[in-house]
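Since the structure comes first, as structure tokens, the remarks are kept for the end.
Order of the sequence lines sets the chain letters (A, B, ...), proteins ahead of strands, with each chain counted from 1.
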There are 2 protein chains.
Amino acid sequence: MPDLDDSAPRTARQIARAELTKAITDAARRQLAEVGPSALSLRAVARELGMASSAVYRYVASRDELLTILIIDTYDAIGEAAEAADDRAIAAGADAGARWLAVCRAVRSWALAHPNEWALVYGSPVPGYQAPQDTVGPASRLGLAMARVVVDAAAGGELAAVASLPAPTLVDPGVLQAIGGLPDAPHEDLPERSMLLWIALVGAISFELFGHLHNVITDHAVGFDRQMAVAASSIGLTLPLDGA
Amino acid sequence: MPDLDDSAPRTARQIARAELTKAITDAARRQLAEVGPSALSLRAVARELGMASSAVYRYVASRDELLTILIIDTYDAIGEAAEAADDRAIAAGADAGARWLAVCRAVRSWALAHPNEWALVYGSPVPGYQAPQDTVGPASRLGLAMARVVVDAAAGGELAAVASLPAPTLVDPGVLQAIGGLPDAPHEDLPERSMLLWIALVGAISFELFGHLHNVITDHAVGFDRQMAVAASSIGLTLPLDGA
DNA sequence: TGCTCAATGTGAGCAGTGCTCTCGGTTCAG
DNA sequence: CTGAACCGAGAGCACTGCTCACATTGAGCA
């Protein structure tokens, strides 16, 4: 494995290598979208690119590494979808509730459009697979986007009072630092309560995507909005639902 | 495929068949617990039983069917763990909050003890796999156990008032019937709000099991309790946490 | 009791997988 | 210009799910 961590490829060989690596990941991405994570085949990727299967191993160490690349891509895409939706809401002058609803809907839309990618990151992990450190950055992007809305809402006094949790926070100090410290008003347990929003968002989408809501709820889109509204109410945030 | 749907096996051959079928599923269960759903191999099961791999197909139509059996088993085991915990809490004279906490903890304990089985049912579905109708009964067992606690809490006046959702309920009529109809007090949107408890329970456990809470929360057991408390508060239910 | 046919077990085989290794050919750097 | 690094191809290994022809066994019937 040659290290071409040097930012810009210089020689023709390095350029070809970069291009071929991209072609491989692109083909893998297409195949992931089509057949899902567990059926993603390195040999099929090689076939699609017209090369021998063994040649792919010059560029990708293993199938797991290829999946890791796609995992990182997916986390990034989800995080970007959330950030973009929030940015649009901010530009439209939305309050915290509207921003939050916009983020939730954007993430759900992304998931519905990319079910296999969603399953890759939020479904069961591949056995024996240990997430490398490279994934934690992109993985936290969605959480940070959500935290931004909550922090803004708290700072802007947009959160109604709710009953507090007992005892000090259990949220990791590194996380607290990433979101700008522990808030004092209206609830110092806000980080922990906000985690429920995260769990509810990802959980509701996964439930819908994985079929657990089949025959349980009639209108998935509206039901999703209302689940998010219920979850948001637990941090004192009110969402502007259509029916309201 | 012979149909021996007739309840009791009569002949020696039918007895042997029933026993071998059980041996196969047992071996598959062991292997599932060891290597996870995606690595479950029909050939390895056959090896463990000392028979030719092709012989297994006399008893199980395909690997997918074997997985379906395990899925049903798992749903049942989770539902039973929840029901048993609730029964114990009731026997101990617990109120709705304590019952609910007991159920949550029991399900989490079961999941921690059987991570691969949990991933099989609540992780990403295997591609191209369509859940047969046989799974919906066992699958709803956990939800019904949870509903029992909520319904009892509502009937016993143990739910505090919370802000209501707009518009009528979206919960499937069949589900409403299964839990004994739509309640009128204190919130007629109780079924929908309760769904958040379900999503939060399964979501929090899956997050922990799949590694998404790594470096996010410090004490998983306590953090779980508190997430459940936050979720429960959205239906006006207060959980008896240790720190309170 | 003997016969017949279905149920059962076996091993070979097909098509596919991830991955390794060797063998040439190409390209880059000193 | 030469040696070394890189690259693609193909064969091959061990594994998978699944099928099929064949032999065996057993259960019910005459």
**Request:** Look at the side chain of B:R58 and the base of C:dG9, then say whether one donor and one acceptor between them are separated by less than 3.5 Å.
**Result:** yes
**Message:** Taking atom types as they are modelled, would you say the side chain of A:R13 forms a donor-acceptor pair with the base of D:dC6 within the 3.5 Å cutoff?
**Reply:** yes
Tell me the interatomic distance from [X], atom [atom1], to [N], atom [atom2], rounded to whole angstroms.
X: B:Q14; N: C:dT8; atom1: CD; atom2: C1'; result: 14 Å
X: A:Y59; N: D:dG8; atom1: OH; atom2: C1'; result: 8 Å
X: A:E19; N: D:dC7; atom1: CD; atom2: P; result: 14 Å
X: A:L49; N: D:dG8; atom1: CG; atom2: P; result: 11 Å
X: A:R43; N: D:dT16; atom1: CZ; atom2: P; result: 16 Å
X: B:L42; N: C:dG9; atom1: CG; atom2: P; result: 14 Å
X: A:M51; N: D:dG10; atom1: CE; atom2: C1'; result: 15 Å
X: A:I15; N: D:dC7; atom1: CD1; atom2: C1'; result: 16 Å

**Message:** For A:H212 and A:F207, take the angle between the two ring planes, folded into 0 to 90°, and tell me which bin it lands in: parallel under 30, tilted 30 to 60, perpendicular over 60.
**Reply:** tilted
**Complete:** Residue pair B:S53/B:L20 against DNA chain C: nearer the 5' end by closest nucleotide is B:L20
Short side-chain to backbone donor-acceptor contact, [X] and [Y], under 3.5 Å:
X: B:S41; Y: B:A44; result: yes
X: A:R108; Y: A:I205; result: no
X: A:N116; Y: A:L32; result: yes

**Asked** Out of C:dT17, C:dT20, D:dG17, which nucleotide sits closest to the side chain of B:R63?
**Response** D:dG17
**Residue A:Y57, side-chain atoms from C-beta onward, closest of C:dC19, D:dT16, D:dA9** = C:dC19
**Asked** How is A:A12 classified with respect to the nucleic acid when contacts are heavy atoms under 4.0 Å: base, sugar-phosphate, or nothing?
**Response** sugar-phosphate
**Request:** Pick base, sugar-phosphate or nothing for B:L40, based on heavy-atom distances below 4.0 Å to the nucleic acid.
**Result:** sugar-phosphate
Answer yes or no: does a side-chain N or O of [X] lie under 4.0 Å from OP1 or OP2 of [N]?
X: B:R47; N: D:dT16; answer: yes
X: B:R17; N: C:dT8; answer: yes
X: B:S41; N: D:dG17; answer: yes

**Request:** Assess whether side chain to side chain contact (heavy atoms under 4.5 Å, CB included) is satisfied between B:R226 and A:M195, documenting all intermediate values.
**Result:** CA-CA 10 Å; B:R226 297 175 70 168; A:M195 277 192 53; over 6 Å; no
